[in-house]
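Input: a single structure, listed below in structure tokens.
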Amino acid sequence: MKIKLVIGITLFFLSAGLRASTLPLDSILTKTMNAAEKYNELIESYQAELYTRTYVETLKKNILYKYTHLIPRFILHDPSSKEVLIETFGTLKYDFPNNYIHNIKYVTGTMTRKRDLEMIPFNFFNINVYGENTNDESFFMPLRVTTRKYYTYRLVRSHSENDKTYYTIDFTPVFNNQKLLKGSFVIEAGTWRVIHFRGEGIDIFADFSFEINMGDKWITNYLPVDFIVYQTTSYLGNRVASRYLANIEYKDIRLRQDIKPLHSLNISDFYKLRLDSVPVYNDSAFWITHRPIPLQEKEKDVAREFRLQQQIKQAQQAEKDTSNVMKAQQFAQRMVMDSEYSYKSTRIGYGGLFNPALIGYTSQDGITYRQRVSFNIDLHHNRNIKIKAFAGFMFKRKELFTDLSTTWNYDPFRLGSMTLSLGNGNPTYSSLFIQQIQDSLNEHGFDFKDISVNYFRDYYLKVFNTHEIANGLLFNAGIEYHIRKGASNTAVLRSAKVDSEPIEDLFGTRKAFAPFIRLTWTPEQYYRYEGRQKIYERSRFPTFKVEVSRSFYNIFGSTSEYNRVEVDMSQHIPFGLMNTFQYHIGAGKFTDQKTEYFADFAFFSKSNFPEIWNDRLGGGFNLLNRNLYNVSDSYIQAHLMLETPFLLLKNIPFVSNFADTERLYFSQLYTPQILSYTEFGYGIGNRFFSVAAFGSLHKTQFRQVGVRATFEL
């Protein structure tokens, strides 16, 4: 069956290319792109052996060079040497449509730590030249009809060899952008398959190029067998050049059948690079046998020099203890990056005291800083206990937020977990003040001169259980216990009336005992497994949420009695290449308020610390004064976001080199007291930072502008 399929495809393209030598460029591209669509879905699965070799040379350096390794996942280099040599050998497994598992089994060379191996661009070695984009969506490939509009093409050569005609075509992007390449590819007439592919691109601090050679035996004609990647990184007066080689030897190739496989929502191992336990293996006989690309003389010199230096270091360490110097370097590095420590079955994670990724800025709240520590205790059958401690400080408001959560993951196969969480939440208002605040809003609009102080601080204890009823349907049930303390300050009641309730009766301590249940449903939920741990991924349908809570009076000192109901719907809709539209709609209401209560919603609350570029969708406003989250017993909110790599910056060469994607934001809020509040914004981001600017309207009146910025490493 498989042989007939290959023969049929070959005969079809041969018959279509009998007069290939006379075809114009447009016809060549049309046939090539039609063939690429078929070749993209030709392979069902394969298993292969993958060999890689990395060579790094420092071309220029200054005093800052030796500190570059303190920046996590930035650039592969050796602070104590100008050259680096690394070899790896492992297996590569592929399953249609784009599930890759790269398992590195052996490594040798001058730098063999896990964090060093993570900086090798292994993502280049699973590039499918026939795809619309790369597996990690780094850039668009030029061989598909959907990407043709982003490139211009030029036929630069046609030649014949062994009774076959070949075309060499150059392609260039229509505008400069990190998502677009320039380069060339060689096409074989008749089959219209790629023989050779070359691409060049830009990154924030680097220029790179890569070449791919396709196989010349049977079905490897449609698969890559050799890769070479060149990369030059320039930063702060330093320049580092890298070369990466890879060779793939296929062991088992299976073609796709005519019969479509059963539809499965399980997409386990979408892409995984296994580096957890890679042994350093320096047996020269092993590498001579498994090294398909002989070492160059320069690389042999690097290996010999490294072995000599290792012998010298061992001799020096026998005479002099250098552990203090190494400890100082490790301490400095751990101050600026995430760190993880392991002891038996326990893993400890720490954010780094001066980690830029933990710093954020918004014009509303100023500079914010957060810190986190985590403990992960592994149990049998992928069960675990996770302890997370969080603390964040808002410098402009001089406020500290904390949270300590412990989660027992008792049923990873069905997402079963029990969580205990305690900390302090957003300051909020008592319902006794809401009428006063609402009157101020009606009289002055968004003038907060009379409501400038948050009256109550919130301290909470939450206990809840999560479990999967069916795939995509989650059930949460738990109890929230709040203790809210008010600050007795007459200044907060500048607009209070003479006959107002006495101040001593308005302040004090309030408590609320509120059980709740939440249902979350996502139809056709795709998922994957890591061991027995189930992880939700994506769906083409919205996610629906409903939460109902009831506060009971006089239980554990509770002073509140009310109901709270909230509904929520969100969806991520991809369209085109790397374009997405996302929306988030929600509403909530307090009912049956028999006592004093606090309008503290679950899906409508202030986010005090800016999230990274890939933050959760919507659910909060960027410029809305935080007082307004708690001055109404109901709300309706909507958030829209459009993300695309080609929007406004595509024709600005310098700026477009730094922006991976652009975003447009639109948010709308309705409450009985705020009939219309609108926010709109524009943002850009890449793998190092994100920044967005926002504006707001109250009804039709323009209110203010602001920015949000975060770092990400």
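By convention here, the first residue in the shown sequence is residue 1.
- A tilted orientation is assigned to the rings of Y39 and Y222, their planes being inclined by 30° to 60°.
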Inset, instruction - Go through R538 and E524 one step at a time and tell me if the salt bridge (Lys or Arg N to Asp or Glu O under 4.0 Å) criterion holds. - result: CA-CA 9 Å; R538 65 176 189 270; E524 200 175 272; over 6 Å; no
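- Partners of R144 under the salt bridge (charged side-chain N to carboxylate O under 4.0 Å, His left out) rule, at least two apart in sequence or in another chain, do not exist in this structure.
- Every residue two or more places apart in sequence or in another chain that forms a side chain to side chain contact (heavy atoms under 4.5 Å, CB included) with L25 is listed here: L29, Y153, L155, I169.
- With sequence neighbours left out, the salt bridge (charged side-chain N to carboxylate O under 4.0 Å, His left out) criterion links D568 to no other residue.
- Applying the side-chain hydrogen bond (donor to acceptor under 3.5 Å, both in side chains) test to T52 and every residue at least two apart in sequence or in another chain returns T88.
- Residues F185 and F171 meet the side-chain proximity criterion, which asks for heavy atoms closer than 4.5 Å.
- A pairwise comparison of heavy atoms in L23 and I28 identifies O-CD1, 3.7 Å as the closest pair.
- Listed by chain and residue number, I573, F575, Y583, L640 satisfy the side chain to side chain contact (heavy atoms under 4.5 Å, CB included) test with F581 (two or more places apart in sequence, or in another chain).
- Listed by chain and number, the residues in a side chain to side chain contact (heavy atoms under 4.5 Å, CB included) with I127 are F124, T134, F139, M141, F210, I212 (sequence neighbours excluded).
- Under the side chain to side chain contact (heavy atoms under 4.5 Å, CB included) criterion, A602 pairs with R518, E547, R564, E566, sequence neighbours left out.
- R148 has a carboxylate O that lies under 4.0 Å from a charged side-chain N of D26, or vice versa, which qualifies the two as a salt bridge.
- To the nearest 0.5 Å, atoms CG (N630) and CZ (F601) are separated by 8.5 Å.
- Annotation: side chain of V705 is in contact with side chain of F702 (closest heavy-atom distance under 4.5 Å).
- Remark: I585 CD1 to I636 CD1 distance equals 10.5 Å, nearest 0.5 Å.
- R157 is linked by a salt bridge (charged side-chain N to carboxylate O under 4.0 Å, His left out) to nothing, counting only residues two or more places apart in sequence or in another chain.
- Taking 4.0 Å as the cut-off between side-chain N and carboxylate O, E211 and R198 do not count as a salt-bridged pair.
- Between E679 and R703, no side-chain nitrogen of the basic residue sits less than 4.0 Å from a carboxylate oxygen of the acidic one, so the salt-bridge criterion is not met.
- The side-chain heavy atoms of Y235 and I75, taken from C-beta on, include a pair separated by under 4.5 Å.
- N622 meets the side-chain hydrogen bond (donor to acceptor under 3.5 Å, both in side chains) test with no other residue; sequence neighbours excluded.
- The shortest distance between side-chain heavy atoms of P173 and Y150 does not fall below 4.5 Å.
- Listed here is the closest heavy atom pair of N40 and F96: O-CE1, 4.2 Å.
- Between Y635 and the options F603, Y670, F604, a ring-ring contact (aromatic ring centres under 6.0 Å, His included) holds for only F604.
- If you take CZ on R528 and CD on E530, they are separated by 4.5 Å, rounding to the nearest 0.5 Å.
- Remark: K606 pairs with D365 by the salt bridge (charged side-chain N to carboxylate O under 4.0 Å, His left out) rule, at least two apart or across chains.
- Taking the side chain as every heavy atom from C-beta outward, Y526 and Y536 never approach each other to under 4.5 Å.
- Considering only heavy atoms from C-beta on, L664 comes within 4.5 Å of L647 through its side chain.
- In this structure, the side-chain hydrogen bond (donor to acceptor under 3.5 Å, both in side chains) partners of Y369, at least two apart in sequence or on a different chain, are Q371.
- For the pair N426 and S605, the tightest heavy-atom approach, listed with the atom from each and the gap, is ND2-CB, 4.3 Å.
- At a threshold of 4.5 Å between non-hydrogen side-chain atoms, the residues K388 and R372 do not count as touching.
- A donor-acceptor contact under 3.5 angstrom links the side chains of Y682 and E662, judged on distance only.
- With a 6.0 Å radius and a threshold of 12 heavy atoms from other residues, nucleotides or ligands, L64 has its CG atom above the threshold.
- When side chains are defined from C-beta on, L92 does not count as touching Y94, because their heavy atoms never get closer than 4.5 Å.
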Legend entry - Check against ring pair (Phe, Tyr, Trp, His ring centres under 6.0 Å), F74 and F205: CA-CA 10 Å; F74 176 53; F205 299 103; 5.5 Å; yes
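- Not a single side-chain hydrogen bond (donor to acceptor under 3.5 Å, both in side chains) links R239 to another residue, sequence neighbours left out.
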